[in-house]
Every structure is written in structure tokens, then in C-alpha cells.
Trainee: 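Quick one: the structure is below, and I'll ask about it shortly.
Here the structure is a predicted model, which means the values were calculated and not measured.
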Amino acid sequence: MMMNNWKKLLLSLTFVCLILPVTAISAAAEKPAGSENLVPIREIAEKNGAEVSWQQQTGEITIRKNELTIVVKVGEKQAMVNGQVISLDNPVQLTKGVTFMDGGFLTETLKAAPEDIFISLISEGDGKEAAKYVHTSVSGVLSPTLLSQLWGALEGQNGKITSEAIAKHVENNTVHRNVTYTFKTELTRLNITVRMNHNGLVDDLHITAATPDVYQKPSYDDPSAYTEQDITVGQGDLALPGTLTLPKGEGSFPVVILVHGSGPSNQDAAIGGAKPFRDLAVGLASQGVAVLRYDKVTYEHTYKVASQPQFTLKQESVDQVTDAVELLKKNTHIDSTAIFVAGHSQGGFALPLILAEDKEHDIAGSILLAAPSSSFVDVLTEQQDELVDRMKQLGLDTEIIQGQADFYKNVAAIVKDPKYSVDHLPEAFPLQPAYWWFEQREYVPAELAKTQNTPMLIIQGENDVQVSMNQFENWKSALQGHSNVTYNSYPKVNHLLSSYDGLSIGQEYAQPSNVSKAIIDDIAKWVLNLD
């Protein structure tokens with residue numbers, strides 16, 4: 001990259017700080033003759049909070065600040081910034097024991113965070129340069145081509161994006177440093193989260209509409225009754241950050257692992273004004289039951305997952321539970337004989353698969369929260385019919401929803417077509433990845449559960465538009481010979497496990513709500529009685 005290019009990139013950063021003036025350089029450092037632009041490396045680096053080390057044998061000088069590493073060598077006219085080669089106007093020079101280099105480059109690079117440079121580059125459509133900031137774990141999908149087209153694609157969906165972010169928020173977890181930029185568009189506000197790994201490289205992206213957080217804590221949330229610990233579930237490129245919520249007090253506690261529904265969700269399972277997994281965690285911990293929750297793999301590693309065309313339900317919802325169980329078995333605060341798993345919606349749908357993977361029989365019981373009992377495509381079809389029927393009951397226009405229902409029924413018909421399989425996928429399947437749908441086509445949760453004998457608590461809201469009472473009744477029919485299954489249904493409870501007085505069609509999800517305390521109480525009672 002030529003000098004003019006890096007100047008343009010660094011100076012265009014949204015959050016660049018003011019540059020230290022040259023007059024701030026100590027008079028004790030005598031500059032090399034003939035260059036007004038050179039500055040003493042150590043002095044400028046330390047003023048900007050960086051550390052400097054020198055390898056006498058190689059002549060290399062390393063400058064480190066947080067996740068930023070700059071390596072230069074006396075006599076060379078280039079710098080390595082996090083492994084990226086950048087050309088300099090002048091060679092690095094050594095004069096009377098002091099090393100000097102281009103002052104503008106050094107100061108601006110130390111001021112600019114790698115993620116700021118990355119955002120600036122993709123906003124300019126310069127995917128080739130942006131890709132140099134991407135870690136190899138996701139470089140296959142965050143390619144120069146995709147990064148060059150990304151900004152234009154976002155503008156095509158959301159309208160022109162303002163040139164500068166209106167907000168920047170940094171949040172660290174055990175896996176990533178997440179930097180979220182909020183941009184205003186012609187149609188909405190957009191959050192672009194750059195997930196940085198511990199080496200200061202882009203490890204993934206998460207892009208979503210920016211919505212206000214209207215969630216309100218439930219009345220049963222008693223912070224004095226529990227503590228929370230940051231944990232990591234799994235390891236490697238798909239490790240997940242999470243939280244272990246522990247009751248206050250001595251002794252080991254029973255624990256519930258929470259498994260998400262469909263779609264990318266954070267560890268709170270946040271949607272609209274609800275955070276049902278947070279409610280379950282604090283509510284159960286207040287009653288003596290620990291809870292482990294974690295960010296879903298499709299949320300924390302969105303693009304990595306998207307790069308896997310044969311990504312399966314097992315990889316999405318099952319493997320993480322196996323990792324979580326192993327983690328909890330080693331925790332002295334947890335009763336290893338009382339590890340339970342609670343799956344919501346798709347998470348409950350996957351629970352029989354989770355139990356099938358429990359080769360050591362470590363799971364003491366399973367809790368199904370609004371869990372489908374039929375095949376996924378059958379539930380999808382039923383869900384659409386239920387929504388159309390409820391909207392008609394409310395006197396609402398169903399034209400658009402009926403079109404949506406017809407679309408999903410068409411998807412179901414393609415999945416059921418025997419001429420297709422995982423080895424012969426349709427060429428133009430409307431919901432990707434196609435493999436995910438066909439891989440679990442024959443899976444019916446209630447049928448697999450018939451062959452299992454782990455205690456089970458099945459909870460269903462009678463006001464649920466997404467998973468109807470038909471699914472609840474199917475569980476009863478399938479497991480009628482099992483004496484260790486408990487069934488609870490709640491008249492007003494919707495799919496988010498909260499009580500709603502009206503007929504639920506999902507619109508109420510945007511309003512603040514909390515998991516019904518009756519559900520919290522029933523889960524705690526069931527777990528503690530089995531413990």
C-alpha cells in the first residue's frame with residue numbers, strides 16, 4: 001500500500017483521535033539530518049500507551065498496543081502491522097542510539113484500532129485491503145469479493161448508509177472483543193458488530209437492525225440471591241461465551257443448561273422486549289438452581305457457520321450441550337449428578353438428539369419449553385395455518401401472511417419430495433443451507449423420545465402461536481407409557497413463555513415481558529424434587 005492510501009484510510013476513521021503535535025517530541029531526541037517527518041519511535045509509542053522491544057540480533061523493533069502489533073527494521077522502508085505489509089515514505093533510521101520513523105504513520109496507526117480501519121475499508125468497497133484484517137478461520141467466507149460487495153448489499157436492503165457511525169460500543173466476552181457500530185440508513189438504523197479475536201484480527205461479523213432495548217427485569221430477579229461467572233463453552237474456532245448463574249450459599253447446586261430456539265440468538269435469547277433465558281437464569285438461581293446459558297453458535301460465529309454448506313442441527317443445537325456438560329462436571333459448585341437440560345422451541349425439538357448423544361448418562365432430566373413434537377416441516381406448516389387463523393379471529397388482513405404461509409408450505413413440499421435427499425439437493429432451494437433441512441427430514445422428536453427413559457418435564461403455553469397445543473398433545477400421545485414425564489400447560493402463556501391477555505400473533509414480542517413466575521416455580525420444584 002502506498003503512503004497516500006494509508007493516509008486516506010487512517011485519516012478517514014470514524015473514531016480517530018487528535019494526533020500528538022510534533023512539538024510534543026522531546027528536544028533530547030536529535031532527529032536525523034534531512035527529515036522533518038521522522039519521530040523517535042520509543043517516545044511516541046510510549047506516549048500513546050504502547051510498549052517497545054528491540055531484538056539486537058535481527059534489528060527488529062516491535063511496538064505493541066492492546067491487539068495491535070507493529071514491526072519495523074532499521075534501514076527498511078516498510079512496516080508490518082498485524083502481519084500486513086505497509087510501505088513507508090522513509091526508511092527506519094538509527095541515530096545516536098535512537099530509532100526514528102515516519103511520525104504521521106506511527107501516531108495515526110497507534111491511534112486507529114484495526115476494527116476502525118476494517119470498517120472504513122468495507123465502507124469504501126475496498127475488500128482486498130479489508131481482507132488483510134480477517135483471521136484465517138473466517139477468510140473463506142469474508143473474502144475480498146464479499147467484503148467489496150457487502151456495503152453495497154446493505155445499502156440495497158436498507159437505503160444509503162451515513163458515512164460516519166452515529167455510535168460505537170465495545171463489549172468483551174471470553175471469546176471476542178465485540179465492537180458494534182450503529183449507522184443510520186434511509187430506512188432504518190443498522191448495527192454492524194465486528195468480532196475481534198485475541199490477536200486483533202476480524203474473526204466474524206454480526207449485522208442486524210438496531211432496536212432500542214426496552215427489556216425490564218422481572219419482579220422475581222433478586223441480585224442478592226445469586227452470582228454470575230463468565231465461562232467459555234467448547235474450544236477452538238467455534239468456542240462460545242456464556243454465563244454461569246449460581247445461587248448464593250455453600251454446597252453444590254443442581255444446574256440447568258439452556259438451549260436456544262431457531263435463529264441466531266445471544267445468551268439471553270433476547271427478542272423485542274423479552275430476554276427469556278435471562279429471566280430463567282435469575283429466577284431459577286434465586287430458588288437454588290444454577291443455570292448455564294451461552295451465545296448461540298449462529299450468533300457468535302455467524303459467517304463461519306454460513307461458510308459450512310453441510311451445517312447440521314446437531315452442530316447448531318446439540319454439540320454445545322455436550323461441551324457444557326463436560327465443563328459443569330468439573331465445577332465444584334455444581335452437583336454433577338443433577339445436570340438438567342432445558343430446550344426452548346427448536347432447542348426442545350433437539351432434546352431427544354441431545355439425550356441420544358449423552359453416552360455417559362450425565363443428564364439427569366430434560367425440560368421441553370414450547371417444544372415441537374412433529375417433524376420440522378410439519379410444525380412449520382402448522383405454524384403458518386395457526387397464524388392465519390388467529391389473524392382472521394382478530395379481524396386482521398391476512399393477504400400478506402397468507403402469501404408467507406404459501407411460501408413455507410412450498411418449502412415443506414420440496415423437503416418432503418422423495419426425489420431429493422442430502423445426496424441430491426434441489427438446485428434452487430429457497431431457504432439455505434438446503435442441507436440443514438434435508439439432513440433432519442426424517443427426524444421426529446416424539447418418536448425418538450419413545451425409546452428414551454430420562455425424566456422429562458414438558459411445558460407449553462396455551463396461547464402459543466408458533467408451537468400449538470397440538471404439539472403438546474402429540475407429546476402426551478407418544479409418551480403415554482412413560483411414567484417419568486410431567487406435563488404442564490398455562491392458559492395465557494405465549495411462545496416467549498410470558499403471560500399475555502390477548503390472542504398472541506407475535507406482535508406483542510416487541511413489548512417488555514418476562515417469563516411467567518409460575519413456569520419458574522414449576523421448573524425449580526421439578527428439578528429440586530429430582531435432585
Trainee: Do you know which two heavy atoms are closest between P241 and Q267, and how far apart they sit?
Mentor: O-NE2, 4.2 Å
Trainee: So, for P426 and I414, which heavy atoms are closest and what is the spacing to 0.1 Å?
Mentor: CG-CG2, 4.0 Å
Trainee: Quick check: closest heavy atoms across A50 and I63, and the distance to 0.1 Å?
Mentor: CB-CG2, 3.8 Å
Trainee: Less than 4.5 Å apart, any side-chain heavy atom of P433 and any of Q310?
Mentor: no
Trainee: Hey, are the side chains of Y299 and T193 touching, using non-hydrogen atoms and a 4.5 Å cut-off?
Mentor: no
Trainee: Quick one, Y215 and R278 - any side-chain contact, counting heavy atoms below 4.5 Å?
Mentor: yes
Trainee: So D378 and K416, salt bridge (charged side-chain N to carboxylate O under 4.0 Å, His left out) or not? Walk me through it.
Mentor: CA-CA 10 Å; D378 284 344; K416 288 184 173 183; 2.6 Å; yes
Trainee: Would you call Q308 and L238 a side-chain contact if the rule is heavy atoms closer than 4.5 Å?
Mentor: yes
Trainee: Does either side chain, that of Q466 or that of S345, offer a donor lying less than 3.5 Å from an acceptor on the other one?
Mentor: no
Trainee: Taking salt bridge (Lys or Arg N to Asp or Glu O under 4.0 Å) as the cut-off, I'd like each qualifying pair that reaches into residues 148-162, sequence neighbours left out, listed once.
Mentor: none
Trainee: Would S498 and N494 count as a side-chain hydrogen bond (donor to acceptor under 3.5 Å, both in side chains) here? Give the steps.
Mentor: CA-CA 6 Å; S498 64; N494 65 11; 3.1 Å; yes
Trainee: Determine the minimum heavy-atom distance between V233 and Y294, stating which atoms define it.
Mentor: CG2-CD2, 4.0 Å
Trainee: If you compare all heavy atoms of I207 against all heavy atoms of I192, which two are closest, and at what distance to 0.1 Å?
Mentor: CG1-CG2, 4.2 Å
Trainee: I'd like to know whether the aromatic ring centres of W151 and F183 sit less than 6.0 Å apart in this structure.
Mentor: yes
Trainee: Is the closest side-chain donor-acceptor distance between D221 and Y226 under 3.5 Å?
Mentor: yes
Trainee: Return yes if some donor-acceptor pair links the side-chain N/O of N463 with the main-chain N/O of G502 below 3.5 Å, else return no.
Mentor: yes
Trainee: So which atom in A45 and which in L110 form the shortest heavy-atom distance, rounded to 0.1 Å?
Mentor: CA-CD1, 3.8 Å
Trainee: What about F429 and F438, are their ring centers closer than 6.0 Å?
Mentor: yes
Trainee: Within a strict 4.5 Å, meaning less than it, do heavy atoms of the N178 and H206 side chains meet?
Mentor: no
Trainee: Okay, side chain of D102, backbone of G104: is any donor-acceptor separation there less than 3.5 Å?
Mentor: no
Trainee: With E382, which residues qualify under salt bridge (charged side-chain N to carboxylate O under 4.0 Å, His left out), at least two apart?
Mentor: none
Trainee: Show your reasoning for whether side-chain hydrogen bond (donor to acceptor under 3.5 Å, both in side chains) applies to N173 and E300.
Mentor: CA-CA 10 Å; N173 60 37; E300 193 70 20; 3.2 Å; yes
Trainee: Looking at E171, I'd like to know if its CD atom is crowded, meaning that more than 12 non-hydrogen atoms belonging to other residues, nucleotides or ligands lie closer than 6.0 Å.
Mentor: no
Trainee: I'd like to know whether the aromatic ring centres of H176 and H301 sit less than 6.0 Å apart in this structure.
Mentor: yes
Trainee: Going by distance alone, is a donor N or O of one side chain under 3.5 Å from an acceptor N or O of the other, for S374 and Q471?
Mentor: yes
Trainee: F277 and H260: aromatic ring centres closer than 6.0 Å?
Mentor: yes
Trainee: Give a yes or no on this: more than 12 heavy atoms of other residues, nucleotides or ligands lie within 6.0 Å of atom CD of Q235.
Mentor: no
Trainee: With under 30° as parallel and over 60° as perpendicular, where do the rings of F376 and F349 fit, or are they tilted in between?
Mentor: perpendicular
Trainee: Hey, is CD on Q229 packed in by over 12 heavy atoms from elsewhere, all under 6.0 Å?
Mentor: yes
